[in-house]
Amino acid sequence: MIPKVFNEVIDLGDGRQISIETGKLAKQAHGSVVVQMGNAMLLCTVVSNYEASPVDFLPLTVDYREKFAAAGRYPGGFFKREARPSNDEILTMRLVDRVLRPLFPKDYHAETQVMIQLMSHDDDVMPDALAGLAASAAIQLSDIPFETPISEVRVARIDGEFVINPSRAQLELSDLDMMIGASSDSVMMVEGEMDEISEEEMAEAIKFAHEAIKVQCEAQIKLAEAFGKKETREYEPEEENEELASKIHEAAYQKCYDIAKQGTSKHERSTAFAEVKEEIMASFSEEELEEFGGLIGKYFGKAQKEAVRELTLSEGLRLDGRKTTEIRPIWCEVDYLPSTHGSSIFTRGETQALATVTLGTSRESSTIDLPSYQGEETFYLHYNFPPFSTGEARPLRGTSRREVGHGNLAQRALKGMIPEDCPYTVRVVSEVLESNGSSSMATVCSGTMALMDAGIKLKKPVSGIAMGLISDGDRYAVLSDILGDEDHLGDMDFKVTGTEDGITACQMDIKIKGLSYDILVSALKQAKDGRLHILSKLTETIAEPNADVKAHAPKMVTRTIPGDYIGALIGPGGKVIQELQKETGTTIVINEVDEDGVVEILGTEQEGIDKVLAKIKAITFKPEKGSVYEVKVIKLLDFGAVVEYTEAPGNEVLLHISELAWERTNNVTDVVNLGDIIDVKYFGVDPKTRKEKVSRKALLKRPERENRKPSRDGK
């Protein structure tokens with residue numbers, strides 16, 4: 001028997017709808033929904049253990065997967081099944097996690113899994129924009145403690161008009177691509193890329209998205225009420241001790257305030273705070289430490305955070321002694337690594353990134369193979385964050401989700417500035433060597449300089465800055481170029497990248513409710529001031545892209561040939577192209593585009609590239625009727641000479657003996673010999689012989705005829 005199904009429909013206002021359904025699938029999960037838009041369907045389930053985990057945080061896992069069967073396709077690979085998540089799936093997981101995590105109770109420590117699966121794909125629907133809605137709706141149908149419904153939408157702007165959850169085709173026409181996560185009363189997360197838009201335009205896009213999210217949150221509430229809202233489960237809250245909290249606050253607050261005010265380095269500051277904590281711990285007996293050890297550390301951290309925040313709000317000072325708008329000292333260098341195609345170092349305070357650039361052909365493009373999208377990236381950026389960058393020793397377990405997310409942000413910041421006619425596939429790698437505050441923005445800065453050092457003709461240089469916000473309701477302070485410590489104690493962490501003319505990418509996590517748009521715009525404008533300051537430091541180091549790629553870097557030349565000649569250039573079994581690459585020391589890639597062949601020639605020596613170009617010219621050479629060409633005699637025959645066009649070696653044609661001269665020619669060698677260079681005129685295909693015809697005599701002056709032949713009678 002089919003169970004009772006509950007459904008709620010969200011009208012997007014332009015003829016499109018989103019439906020949320022529950023009651024049919026995955027009923028043993030604590031909450032489950034199917035979200036459908038067009039033919040796209042996502043199944044989301046949530047399960048949370050009833051026993052708390054022995055950890056002092058929420059062990060939340062958000063998993064998003066796209067099933068290849070959803071698009072009627074087979075997964076790649078030997079085993080023909082889905083394996084580890086792709087970068088795009090990881091990015092979607094991060095988008096959802098960042099909005100959900102803050103809304104669970106701070107003392108809720110039960111292991112919780114949110115699993116979202118694309119079960120049916122629609123080419124006109126981008127499923128990642130529905131994942132946040134699906135996750136929140138599933139939680140609303142469960143008994144898991146959760147503060148309020150949320151949702152996420154993508155917003156684009158096409159011809160000046162905002163569009164919610166555009167198709168991929170629509171997104172190609174947009175000058176911004178932003179994902180916004182929010183509850184009904186507060187925006188919580190913003191991430192996206194833009195075509196140099198202003199701060200006000202960005203705020204308008206967020207407002208527009210928030211209105212759509214309010215409707216989606218209301219739909220979740222209606223669905224939960226129709227289904228039967230469950231009572232929120234009871235769980236064992238964290239132990240609290242107000243008397244102990246007050247005692248530790250009194251002992252630690254002022255000392256932490258004084259340390260924070262000294263403006264010391266990260267190491268000195270950490271050592272001083274640790275000494276205060278040890279002093280407080282020493283004031284307790286062994287029995288008290290055994291009973292309250294965890295609470296003592298928790299309350300000390302709380303007092304330390306309050307002291308640092310108050311220092312900034314009341315005195316406008318920060319942990320390292322800077323004022324709120326001040327940027328840490330910056331030094332930069334380019335061309336640091338002698339063997340890379342481009343390199344740079346960007347150091348800001350205690351954060352340092354070393355970027356490298358590698359240039360290649362389309363063969364080195366990054367392939368994207370997902371059920372929802374297949375394509376290639378000819379510009380991509382990889383970000384590495386080794387443990388030594390923070391003075392730690394810990395196991396290396398592959399690329400982390402954080403590294404994928406930070407690399408993606410930096411890639412989005414820069415990719416719009418790569419010129420459309422850039423012939424290379426470009427890979428940027430950022431190695432974070434020191435970190436104390438936004439290594440992703442240091443990656444943007446070092447990436448910009450490395451690209452210019454490599455000779456990539458960036459439209460404009462890009463810089464990035466990480467900002468923070470501290471607010472107690474009545475007072476607020478926007479912090480430029482935040483430290484790692486400030487990243488954790490603030491109420492909004494946001495990263496903004498851009499050129500001198502506008503924003504190219506952003507990532508925001510907003511931790512306070514009801515942040516006003518006035519404060520948001522004010523913070524963005526302060527970020528612009530800092531961003532421009534950093535940009536000036538980059539352009540002092542390298543003012544514009546190098547005129548050429550480095551001597552040891554490959555030069556790229558492209559040529560388009562008619563599709564009919566692709567086979568001739570490749571040769572039987574690839575013989576021609578393989579021998580040509582070996583002979584010239586080049587890499588040759590041929591792509592078929594619109595029935596033409598686009599030939600990419602990559603080589604470090606111009607001589608080799610020129611030889612390839614000459615070969616292409618020879619293969620594709622097609623003489624024009626009526627034109628004159630220089631030829632070389634390469635073979636002598638009884639009935640003529642075989643000649644080769646000097647501008648297209650390998651292209652041969654027969655010069656018939658009758659076309660050598662106006663006078664009767666008995667022997668070919670009476671007129672030409674092997675190796676002679678002569679001019680001929682091309683007449684096209686002779687209709688009689690159906691062969692190409694060239695003539696030498698056509699370029700010679702025709703002898704004058706005798707006046708008149710004598711008559712038979714001799715008169």
Side-chain angles (χ1 to χ4, degrees), residues 331-347 352-366 376-384 386 407 410-411 414-415 417-433 442-459 461-462 538-559 577-591 598-616:
W331 69 264
C332 312
E333 183 178 338
V334 295
D335 198 21
Y336 177 71
L337 301 172
S339 298
T340 61
H341 298 164
S343 65
S344 75
I345 304 170
F346 176 83
T347 307
Q352 184 178 77
L354 170 64
T356 59
V357 171
T358 308
L359 308 178
T361 67
S362 59
R363 191 178 292 164
E364 282 71 51
S365 63
S366 175
E376 291 182 338
E377 292 176 325
T378 55
F379 172 74
Y380 49 98
L381 187 151
H382 293 149
Y383 165 101
N384 297 315
Q411 178 176 324
L414 292 168
K415 75 176 185 181
M417 293 300 112
I418 303 294
E420 290 77 8
D421 60 354
C422 177
Y424 296 99
T425 290
V426 182
R427 180 186 185 226
V428 179
V429 179
S430 173
E431 304 289 348
V432 178
L433 306 181
T443 293
V444 172
C445 297
S446 61
T448 290
M449 293 187 294
L451 286 165
M452 293 199 290
D453 180 51
I456 297 299
K457 303 299 185 283
L458 284 186
K459 298 174 186 176
V462 180
L538 306 186
T539 53
E540 283 176 15
T541 305
I542 180 166
E544 58 186 22
N546 287 333
D548 298 300
V549 299
K550 298 184 183 300
H552 62 274
K555 288 80 177 171
M556 170 78 84
V557 175
T558 60
R559 288 290 185 270
I577 195 169
Q578 288 172 9
E579 289 183 354
L580 189 58
Q581 289 181 114
K582 185 177 180 181
E583 177 189 345
T584 61
T586 60
T587 299
I588 305 171
V589 178
I590 306 174
N591 297 305
V598 178
V599 185
E600 300 174 0
I601 309 156
L602 193 78
T604 56
E605 300 296 332
Q606 190 62 44
E607 182 182 354
I609 294 174
D610 290 341
K611 286 182 179 179
V612 177
L613 292 173
K615 183 68 172 179
I616 293 172

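Residues: numbered from 1 along the sequence shown.
Closest non-hydrogen pair, C445 versus L538, comes out as CB-CD2, 3.9 Å. Pairing each heavy atom of S446 with each of T443, the nearest pair is OG-O, 3.2 Å. The two residues K555 and V549 come nearest to each other via the heavy atoms CG-CG2, 4.0 Å. What you find for K550 and D335 is that their closest heavy atoms are NZ-OD1, 3.1 Å. Across C332 and F346, no two heavy atoms sit closer than the pair SG-CD1, 3.7 Å.
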Stepwise salt bridge (charged side-chain N to carboxylate O under 4.0 Å, His left out) check, K459 with E420: CA-CA 10 Å; K459 298 174 186 176; E420 290 77 8; 2.8 Å; yes
Side chain to side chain contact (heavy atoms under 4.5 Å, CB included) between Q352 and I345, intermediate numbers included: CA-CA 7 Å; Q352 184 178 77; I345 304 170; 4.0 Å; yes
Criterion side-chain hydrogen bond (donor to acceptor under 3.5 Å, both in side chains) on T425 and E364, from CA distance to verdict: CA-CA 6 Å; T425 290; E364 282 71 51; 5.8 Å; no
Worked check of side chain to side chain contact (heavy atoms under 4.5 Å, CB included) between V557 and V599: CA-CA 8 Å; V557 175; V599 185; over 6 Å; no
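Rounding to the nearest 0.5 Å gives a distance of 12.5 Å between OG1 of T448 and CG of D453. In this structure, T584 OG1 and I609 CD1 are separated by 9.0 Å, a value rounded to the nearest 0.5 Å. Rounded to the nearest 0.5 Å, atoms CG (L458) and CG (L414) are 7.5 Å apart. One distance of note links OG1 of T539 with CE of M449; it measures 10.5 Å at 0.5 Å rounding.
Contact annotation: the side chain of P554 approaches that of H341 to within less than 4.5 Å [non-hydrogen atoms, C-beta and beyond]. Contact of the L359 side chain with the V357 side chain is registered, since non-hydrogen atoms from C-beta on lie closer than 4.5 Å. Counting only heavy atoms from C-beta outward, the side chains of P423 and T558 approach each other to under 4.5 Å.
Under a 3.5 Å cut-off, the side chain of Q581 and the backbone N or O of I588 do form a donor-acceptor pair. No donor-acceptor pair under 3.5 Å is formed between the side chain of S365 and the backbone N or O of E377. No donor-acceptor pair closer than 3.5 Å links the side chain of N384 to the backbone N or O of E431.
In the displayed structure, K615 atom NZ is contacted under 6.0 Å by at most 12 heavy atoms of other residues, nucleotides or ligands. Within 6.0 Å of the CD atom in E605, the count of heavy atoms belonging to other residues, nucleotides or ligands does not exceed 12. Counting heavy-atom neighbours within 6.0 Å of E544 CD, excluding the residue itself, gives a total of 12 or less. Atom CD of E607 has 12 or fewer heavy atoms from other residues, nucleotides or ligands within 6.0 Å.
Counting only N and O atoms by type, the side chains of S362 and E600 include a donor and acceptor under 3.5 Å apart.
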